[in-house]
Trainee: 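Please read through the structure below; I'll follow up with questions.
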Number of protein chains: 2
Amino acid sequence: MKKKPQNLISQKWEILLSQAGYRITQPRRAILDIIAESCRPLTPVEIYDLARARSSGIGLVTVYRTIEKLEELHLVDHVHHLGECQTVFRSSDHHQHLLICTNCGTSCYFDGLEVEEQFNQIGQQLGYEVTGHWLQLAGLCEDCQKSHNSKKVPE
Amino acid sequence: MKKKPQNLISQKWEILLSQAGYRITQPRRAILDIIAESCRPLTPVEIYDLARARSSGIGLVTVYRTIEKLEELHLVDHVHHLGECQTVFRSSDHHQHLLICTNCGTSCYFDGLEVEEQFNQIGQQLGYEVTGHWLQLAGLCEDCQKSHNSKKVPE
DNA sequence: TCGATATTGATAATCATTTTCAATAAGAGC
DNA sequence: GCTCTTATTGAAAATGATTATCAATATCGA
Ligand SMILES: [Mn+2]
Ligand SMILES: [Mn+2]
Ligand SMILES: [Zn+2]
Ligand SMILES: [Zn+2]
């Protein structure tokens, strides 16, 4: 019987949830794993389906409640892209932005942008005090550039 | 009896809707006016309430259907901000980005950003072919900076 | 091991959006 | 202006997504 090596991220999340006074249950663990391992933002129902395929008897309600707690601890971000406005993706530890594949959803955080100064100047010109920004890039990932037509969606 | 001078934008929209084969009805006209005049993104229900206050007997369904057509003709944009993911705002004629007040919602388009080159480079580093971007600034508008506390929401 | 209680899933309730449909009104052609 | 076709309307019902309720269960500190 193979022992599945647990994902490092979900391992960390379990500790943090524990420290916040939440309990680590079987359904919750399955949901954490799914989200932590995913290379792309997932909808609640996608998480539900993937988690159920792995360990049965999980309720969609529990998915929503688990997402709620992960958000509260800032361990996941809400991602809006394409039609979906409610997908969830593991958050970066520092302020970063997402580059999302328009075909398969595979997402990467990136940083190193030099834009804050420009943002402040634009605000000044319009009389606003800029307090935040929201930036997301869209494109085709390496795999999807090769197989340009196929609409396969990973994990 | 005062003749209300019609908004230039909604006037233009009526022509375009007409040319697209759609009819200009009283409910539709009221909805166009509300959206065209607004200085901030509105939810369907907000549009519904404002339009009903102006001319009675308008259905929420008609609001949804009118938004649908305005979107189809690219006359309005979907705006995601704060909790709301389904607000509607008159679109800019060329590619621009929005700066939105976090307090009252008042929004301005801006351009003159020098970022496209940086976006492409970032994509290259990560193996993506960048095809689009999504950028929005948030801040406090001039009025809301003065009356920092009051949560009044215009029109 | 025990016990307080956080968590669970089934079910029902709520909220936003879409569909259905018969009545109405826009507007092209006369 | 009048007529006729048909796009549009609002009420009501249907759908889909999210949230609240609640009794049974599982977690985890003592
Ligand atoms: Mn940033
Ligand atoms: Mn741009
Ligand atoms: Zn891809
Ligand atoms: Zn403001």
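Since we're looking at a predicted model, the values are computed, not measured. To find a chain, count down the sequence lines: A is the first, B the second, and so on, and within it residues start at 1.
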Trainee: May I have the distance from Glu46(B) (atom CD) to dA16(C) (atom P), rounded to whole angstrom?
Mentor: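 Value for this atom pair: 12 Å.
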Trainee: Quick one: NE2 on His97(B) to CD1 on Ile122(A), what's the gap to the nearest 0.5 Å?
Mentor: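 Rounded to the nearest 0.5 Å, the NE2-CD1 separation comes to 8.5 Å.
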Trainee: Expressed as a whole number of angstroms, how long is the span from Glu84(A):CD to dT17(C):C1'?
Mentor: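 Going from CD in Glu84(A) over to C1' in dT17(C) covers 15 Å.
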Trainee: Under 6.0 Å between ring centres, would you say that holds for His95(B) and His133(B)?
Mentor: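 Centroid distance His95(B)-His133(B): below 6.0 Å, so yes.
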Trainee: Within the supplied structure, the quantity of interest is the number of heavy atoms (other residues, nucleotides, ligands) at a distance under 6.0 Å from Gln11(B) CD; does it exceed 12?
Mentor: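 Correct, the count exceeds 12.
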Trainee: Would you find more than 12 non-hydrogen atoms of other residues, nucleotides or ligands less than 6.0 Å from Glu72(A) atom CD?
Mentor: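 Counting neighbours around CD of Glu72(A), more than 12 heavy atoms of other residues, nucleotides or ligands fall under 6.0 Å, so yes.
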Trainee: I'd like to know if the side chain of Tyr109(A) pairs up with that of Asp93(A) as donor and acceptor (distance under 3.5 Å, no hydrogens or angles considered).
Mentor: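 Distance-only check fails for Tyr109(A) and Asp93(A).
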Trainee: Please give me every residue in residues 69-81 of chain A whose heavy atoms get under 4.0 Å of an atom in DNA chain D, ordered by residue number.
Mentor: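 Under 4.0 Å from DNA chain D: no residue of residues 69-81 of chain A.
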Trainee: Atom pairs under 3.5 Å, N or O on each side, protein against nucleotides 22-29 of chain C: can you list them with distances?
Mentor:
unit_1, atom_1, unit_2, atom_2, d
dA26(C), N3, Arg23(B), NH1, 2.9
dG27(C), OP1, Ile24(B), N, 2.7

Trainee: If you find the nucleotide of DNA chain D closest to Ser56(B) and the one closest to Gly21(B), which residue's nucleotide is nearer the 5' end?
Mentor: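 Nearer the 5' end of the strand: Gly21(B).
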Trainee: Rounding to a whole Å, what distance do you find between Leu17(A):CG and dA6(C):P?
Mentor: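 The distance from CG of Leu17(A) to P of dA6(C) comes to 15 Å, rounded to the nearest Å.
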Trainee: Could you tell me how far apart Arg52(A) (CZ) and dT8(C) (P) are, to the nearest whole angstrom?
Mentor: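 About 16 Å, once rounded to whole Å.
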Trainee: Is a side-chain donor-acceptor pair under 3.5 Å present for Glu14(B) with Tyr22(B)?
Mentor: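 No pair is found: no donor N or O on one side chain lies under 3.5 Å from an acceptor on the other.
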Trainee: Does any donor atom in the side chain of His81(B) or Gln136(B) lie under 3.5 Å from an acceptor atom in the other side chain?
Mentor: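 No, no side-chain donor-acceptor contact under 3.5 Å.
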Trainee: Would you mind reading off the distance between Tyr48(B) atom OH and dC15(C) atom C1', rounded to a whole angstrom?
Mentor: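 After rounding, the reported distance stands at 15 Å.
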Trainee: Check nucleotides 19-23 of chain D for protein N or O atoms closer than 3.5 Å to its own N or O atoms and list the pairs.
Mentor:
none

Trainee: Do the side-chain N and O atoms of Asp111(B) and His94(B) include a donor-acceptor pair separated by under 3.5 angstrom?
Mentor: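 Result is yes, a qualifying pair exists.
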Trainee: What is the distance, rounded to the nearest whole Å, between atom CZ of Arg29(A) and atom C1' of dT27(D)?
Mentor: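 Rounding to the nearest Å, CZ of Arg29(A) and C1' of dT27(D) are 11 Å apart.
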Trainee: Could you see if Ile100(B) belongs to whatever hydrophobic cluster contains Leu126(A)? Use Ile, Leu, Val, Met, Phe, Trp, Tyr and a side-chain cutoff under 4.5 Å.
Mentor: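 No, Ile100(B) and Leu126(A) fall in different hydrophobic clusters.
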Trainee: For Asp77(A) and Ser92(A), work out which heavy atoms get closest and say how close.
Mentor: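 Between these two residues, the closest heavy atoms are OD2-N, 4.4 Å.
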Trainee: Using atom CD1 of Ile67(B) as one end and atom P of dA16(C) as the other, report the distance to the nearest whole Å.
Mentor: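 Distance check: Ile67(B) CD1 to dA16(C) P gives 14 Å.
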Trainee: If you group Ile, Leu, Val, Met, Phe, Trp and Tyr by side-chain heavy-atom gaps below 4.5 Å, do Val76(B) and Tyr48(B) land in one group?
Mentor: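 Looking at the clustering, Tyr48(B) is in the same group as Val76(B).
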Trainee: Nearest whole angstrom, please: distance from the P of dA17(D) to the CD1 of Ile47(A).
Mentor: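 Answer to the nearest Å: 14 Å.
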